[in-house]
Amino acid sequence: MAGGSRSPGASVTSRVLAVLGAFDAAHPALTLSDIARRSGLPLATTHRLVTELVSGRALSRAVDGTYRIGVRLWEIGLLSPLHGQLREVALPYLQELHTTVQENAHLAVRDGDEALYVEKVTGHRSVPTVSRAGGRLPLHATGVGKALLAYAPPEVIAAHLRGPLRRCTPYTITEPGRLARELATIRERGWARTHEEMSLGSCSIAVAVRGPDGAALAAIGVVGHSLGTAPQRLVPALRAAADQVAARLADAQQPYPAHRTSA
């Protein structure tokens with residue numbers, strides 16, 4: 001279940017959010033019964049809300065009867081600082097980074113205990129990855145996630161280390177003490193790396209885009225089949241991109257906030 005409430009006292013707003021929350025990267029198209037099950041709402045309530053959302057273009061109904069996120073939500077989403085500021089500022093530097101290293105280039109932010117991927121620049125020669133713009137992956141298993149977590153507030157790091165650390169591959173770090181030591185190393189050397197920790201056959205290296213207070217505003221990373229025996233050779237290009245994005249954000253009238261949600 002994606003999230004919802006069967007509580008009879010749930011507000012209309014919470015029920016609408018439960019319906020919209022039933023959709024995710026793995027479930028972009030859902031039937032009415034799927035939405036009811038994943039939102040935790042009665043079928044009759046779901047039908048009424050979905051009908052209204054379709055009328056308001058927040059959802060769309062396909063010819064096969066399934067529902068998808070509608071164009072109105074896409075339009076509203078473009079107003080988010082993630083798109084209107086962070087993504088637009090970072091995209092040229094991501095494109096330049098991809099041209100330089102010829103590997104997948106990612107931009108991500110921390111949202112709770114996950115890395116939320118804001119943009120991905122790839123090419124026909126790039127290794128396929130599980131990441132996608134708008135998708136989420138665990139902080140502790142991804143390069144960008146580790147970079148974000150390493151520069152998160154101490155209470156966020158402590159809470160993350162207390163929580164369950166999902167094992168994505170046999171190489172995923174799931175021991176809190178080991179992860180804590182790695183985060184300290186990332187802060188000391190200034191970059192993060194993974195080796196087949198999110199998906200077998202893929203490696204990554206990432207640096208944080210840091211604000212004036214040193215906190216991570218975002219992270220930029222590169223993912224490939226193999227980044228060679230000395231992946232740190234990519235750090236200068238990553239750091240240059242991150243520093244330029246940080247400088248552009250600092251020049252903006254309203255810099256993108258570092259911490260959108262707590263752990």
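On a predicted model such as this, the values are computed, not experimentally measured, just so you know. We count residues from 1, following the sequence as given. Heavy atoms only: backbone and side chains are in, while hydrogens, waters and symmetry mates are out.
Ala58 and Arg72 make their closest contact through N-CB, 4.1 Å (heavy atoms, listed as atom of the first residue, atom of the second, distance). Nearest heavy-atom pair across Ala29 and Thr66 is CB-OG1, 4.1 Å. Between Ala216 and Ala208, the shortest heavy-atom distance links the atoms CB-CB, 4.1 Å. Across all non-hydrogen atoms, the minimal contact from Ile157 to Ala152 is CD1-O, 3.6 Å. Shown here for Ser204 and Val223, the closest heavy-atom pair between the two residues is CB-CG2, 3.7 Å. Across Glu197 and Lys146, no two heavy atoms sit closer than the pair OE1-NZ, 2.7 Å.
You'll find the side chain of Leu238 reaches within 4.5 Å of the side chain of Ile205, heavy atoms only. The closest side-chain heavy-atom distance from Asn104 to Val121 is not below 4.5 Å. Taking the side chain as every heavy atom from C-beta outward, Leu53 and Leu20 approach each other to under 4.5 Å. For the pair His106 and Val222, the minimum side-chain heavy-atom distance is 4.5 Å or more. Inter-residue side-chain proximity for Thr172 and Arg166 is flagged as unmet; no heavy-atom pair is nearer than 4.5 Å. Counting only heavy atoms from C-beta outward, the side chains of Tyr93 and Leu107 never approach each other to under 4.5 Å. His160 places none of its side-chain heavy atoms less than 4.5 Å from the side chain of Pro176. Using a 4.5 Å heavy-atom threshold, the side chains of Arg68 and Pro28 count as touching.
In this structure, CG in Leu234 is found 12.0 Å from CZ in Arg239, a value given to the nearest 0.5 Å. Taking CG from Leu30 and OH from Tyr67, the interatomic distance works out to 11.0 Å, rounded to the nearest 0.5 Å. Put simply, OG1 on Thr174 and CZ on Arg167 are 3.5 Å apart, with the number rounded to the nearest 0.5 Å. With rounding to the nearest 0.5 Å, the separation of CD in Glu96 from OG1 in Thr99 is 7.5 Å. Atom-to-atom distance recorded for Leu32:CG and Arg61:CZ is 9.0 Å, nearest 0.5 angstrom. Atom CG of Leu183 and atom NE2 of His140 lie 11.0 Å apart (nearest 0.5 Å).
At least one donor-acceptor pair under 3.5 Å links the side chain of Ser39 to the backbone N or O of Ile35. A side-chain donor-acceptor contact under 3.5 Å links Thr31 to the backbone of Asp34. Of the possible donor and acceptor atoms, one in the side chain of Thr142 sits under 3.5 Å from a partner among the backbone N and O of Gly145. Using modelled atom types, one side-chain atom of Thr51 and one backbone atom of His47 make a donor-acceptor pair closer than 3.5 Å. Between the side chain of Thr169 and the backbone N or O of Glu196, at least one donor-acceptor pair lies under 3.5 Å. Side-chain N or O atoms of Arg38 include one that pairs as donor or acceptor with a backbone N or O of Ala22 at under 3.5 Å. For the pair Arg187 (side chain) and Ala150 (backbone), a donor-acceptor distance under 3.5 Å is present. For Thr185 (side chain) and Arg181 (main-chain N/O), a donor-acceptor pair under 3.5 Å exists by modelled atom type. Counting only distance, with no hydrogens or angles, the side chain of Arg110 and the backbone of Gly112 share a donor-acceptor pair below 3.5 Å. Between the side chain of His98 and the backbone N or O of Glu103 there is at least one donor-acceptor pair closer than 3.5 Å.
In this structure, Ile186 is not a member of the same hydrophobic cluster as Tyr171, with clusters built from ILVMFWY side-chain heavy atoms closer than 4.5 Å. One hydrophobic cluster holds both Val19 and Val12 under the rule that ILVMFWY side chains link at heavy-atom gaps under 4.5 Å.
Legend: salt bridge (Lys or Arg N to Asp or Glu O under 4.0 Å) pairs involving residues 171-180, not counting sequence neighbours, sorted by first then second residue: Glu175-Arg178.
Thr13 and Ser11 share no side-chain donor-acceptor pair at under 3.5 Å.
The residues Arg248 and Asp251 are annotated as not salt-bridged, no charged nitrogen and carboxylate oxygen being separated by less than 4.0 angstrom.
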